[in-house]
Amino acid sequence: MALQSRFFTSLTNTYVVINNMSFIVLLPRRQNKLVGKRCTGCYAKLKAQGVQAIRAKQVYTQCKQCQKAFCLDCFNQKPVD
């Protein structure tokens, strides 16, 4: 399913359609409780350092496009697909 967003450009007075935009959303609640996941970026960094990956940040947000959990810092550093 392709995501589409429309942005109005004032320079050309037209709409620009952007497909497959990546943005962050809150994880859905289960039984009216917040369900956290470990940040994918922090988990990978800690695992590469040999530190217990269980110490990765607990987050409540995920990328809408790839459905992976990210903290805001790691999401901004994520490569564009």
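Between the NZ atom in K57 and the NZ atom in K45 there is a gap of 8.0 Å [rounded to 0.5 Å]. Note that CD of Q77 and SG of C71 are 8.0 Å apart. Values are rounded to the nearest 0.5 Å. Here F70 contributes atom CZ and N76 contributes atom CG; the two are 11.0 Å apart, rounded to the nearest 0.5 Å.
Two residues are said to be in side-chain contact when any heavy atoms from C-beta on lie closer than 4.5 Å; L34 and R29 meet this criterion. Within the 4.5 Å cutoff, no side-chain heavy atoms of Q52 are placed close to those of L46. Considering only heavy atoms from C-beta on, Q62 comes within 4.5 Å of Q67 through its side chain.
Looking at Q58, its side chain does come within 3.5 Å of a backbone N or O of G36 through a donor-acceptor pair. Of the possible donor and acceptor atoms, none in the side chain of T61 sits under 3.5 Å from a partner among the backbone N and O of A69.
Between C39 and A56 the shortest heavy-atom distance is O-CB, 4.3 Å. In terms of heavy atoms, R38 sits closest to V59 at C-CG2, 4.3 Å.
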